[in-house]
Amino acid sequence: MHMGARGFTVAVVGASGYAGAEVVRLLSGHPGFTMGDLAARSQAGATLVQVMPHLGGVAQGRVFSDIDVERLASHDAVVLALPHGVSGQIAQELAKTNPDLVIVDAGADFRLSSASDWRHWYGGDHAGTWAYGLPELPRAEGGSQRDVLSGTTRIAGPGCNASAVALGLAPLIGLVDTSQLAVTLIVGTSGAGKSSRPDLTFSRMSGGAHLYSVGNAHRHIPEILQSLRMAGAEEPHLSVSAVLVPMTRGILAVCTAPSHASTDDLLERLRERYDGEPLIHVTNAYPDTHDVVGSAMTHINAVGDLENGVSTVVVALDNLVKGTAGAVIQCLNLAFGLPETTGLPLIGLNP
């Protein structure tokens with residue numbers, strides 16, 4: 001692959017959804033990529049400005065195309081931002097048409113290595129397993145997932161909640177007991193996608209909190225467990241409570257585990273592991289979603305409760321930037337040999 005005068009060309013399929021639109025927003029200011037076809041079957045023929053007025057400054061005259069595999073495969077890379085279970089067939093056709101094409105799937109279709117896990121949590125046939133797109137994830141054998149991603153052509157973008165939990169807990173394996181993990185996820189409404197639902201109306205969401213998943217029910221559980229095993233956990237077990245709150249963006253993951261580590265022990269391990277990571281900041285105070293919204297940053301802090309034998313790790317990130325679209329851009333940068341943070345916003349929108 002050789003970068004032309006205007007950079008590598010990147011097409012986006014599913015560009016009208018929240019994740020796809022965020023990929024488009026980040027691509028529009030990326031110095032190494034040129035935005036190619038923007039495909040959205042339900043919006044084909046409509047202009048971007050009609051559907052997403054916030055992109056009017058960079059997308060004048062742009063029209064959503066239908067999904068044309070031959071045309072999409074002529075790009076240097078294609079991002080699939082489609083509902084779970086939809087990417088597999090399109091990805092197979094794209095890869096057959098252009099084996100050298102870089103494909104990043106922002107959905108769940110290629111994240112899980114276990115076909116039985118896929119059938120249990122998502123239903124239907126498992127499309128396959130691609131390189132998992134969480135570069136900072138520590139690996140048990142040393143190094144990080146970044147080593148696997150550099151120069152690869154098939155990448156499974158991570159789940160937003162899964163990234164928050166894995167980044168918080170994976171470095172602490174050995175200091176905390178991963179057999180009894182519990183996580184409370186406090187998440188913004190954009191994580192539920194763009195489709196209208198009665199429980200997402202203003203009347204239901206405003207001024208309240210909505211518990212939507214408890215125990216062993218959240219779809220990101222097998223992905224989190226897979227990441228923890230990659231990081232060296234032998235038999236991790238995880239219970240998740242997920243709470244939808246009236247904010248548009250953001251995830252605050254509060255992770256607890258049995259442990260006799262002190263606060264200093266936990267913070268020292270986190271800082272040692274993430275030293276030099278440009279998108280992870282181990283904070284001196286409790287992370288707050290206000291500080292990461294609009295950025296690709298992840299904020300992490302931890303507290304050791306020696307009296308009760310419990311450690312708590314708190315992680316904040318923007319579910320659409322670091323959680324999904326920013327992760328896609330980060331992985332594309334690695335695939336094409338560009339500096340990893342190219343085109344990514346490093347400063348949050350506070351207030």
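Just the heavy atoms: all of them, side chains too, but no hydrogens, waters or symmetry mates, feed the values below. Along the sequence shown, residues carry numbers from 1.
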Verify the ring-centre separation between Phe336 and Phe33: is it less than 6.0 angstrom?
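Judged by ring-centre distance (under 6.0 Å), Phe33 and Phe336 do meet the cut-off.
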
Begin from the C-alpha positions of Asp37 and Arg71 and carry the test salt bridge (Lys or Arg N to Asp or Glu O under 4.0 Å) through to its verdict.
CA-CA 8 Å; Asp37 274 19; Arg71 192 170 67 240; 2.3 Å; yes

Determine whether Asp264 and Ser262 satisfy the following criterion, side-chain hydrogen bond (donor to acceptor under 3.5 Å, both in side chains), listing intermediate values before the conclusion.
CA-CA 5 Å; Asp264 287 344; Ser262 68; 5.2 Å; no

Flag yes if more than 12 heavy atoms outside [X] fall under 6.0 Å of its [atom1] atom; otherwise flag no.
X: Ile347; atom1: CD1; value: no
X: Glu235; atom1: CD; value: no
X: Gln92; atom1: CD; value: no
X: Asp125; atom1: CG; value: no
X: His290; atom1: NE2; value: no

So do the side chains of [X] and [Y] get within less than 4.5 Å of each other, counting heavy atoms only?
X: Thr342; Y: Pro339; result: yes
X: Arg62; Y: Met52; result: no
X: Leu338; Y: Pro31; result: no

Electrostatic pair Lys322:Glu136 at N-O distance under 4.0 angstrom
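Glu136 and Lys322: salt-bridged.
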
Answer yes when Glu268 and Arg273 have at least one side-chain N-carboxylate O distance shorter than 4.0 Å, and no when they do not.
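Salt bridge: no.
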
Assigning hydrophobic clusters by single linkage (Ile, Leu, Val, Met, Phe, Trp, Tyr; side-chain heavy-atom cutoff under 4.5 Å), is [X] placed with [Y]?
X: Val313; Y: Val310; result: no
X: Tyr212; Y: Val183; result: yes
X: Leu80; Y: Leu320; result: no
X: Val165; Y: Val243; result: no

Taking it one step at a time, do Glu277 and Arg271 satisfy salt bridge (Lys or Arg N to Asp or Glu O under 4.0 Å)?
CA-CA 10 Å; Glu277 285 291 354; Arg271 290 190 171 117; over 6 Å; no

Would you check if the side chain of Thr184 reaches a backbone N or O of Val254 as a donor-acceptor pair within less than 3.5 Å?
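Absent.
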
Any donor-acceptor N/O pair, Gln330 side chain to Ala325 backbone, under 3.5 Å:
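Not a single qualifying donor-acceptor pair exists.
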
What pair of heavy atoms forms the shortest contact from Leu82 to Ser87, and how long is it?
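Minimum heavy-atom contact is CB-OG, 3.9 Å.
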
Taking all non-hydrogen atoms of both residues, which atom of Ala91 and which atom of Phe110 are closest, and how far apart?
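Here Ala91 and Phe110 meet closest at CB-CZ, 3.8 Å.
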
Stepwise side-chain contact (heavy atoms from CB on, under 4.5 Å) check, Ile90 with Ile67:
CA-CA 9 Å; Ile90 295 172; Ile67 298 175; 4.1 Å; yes

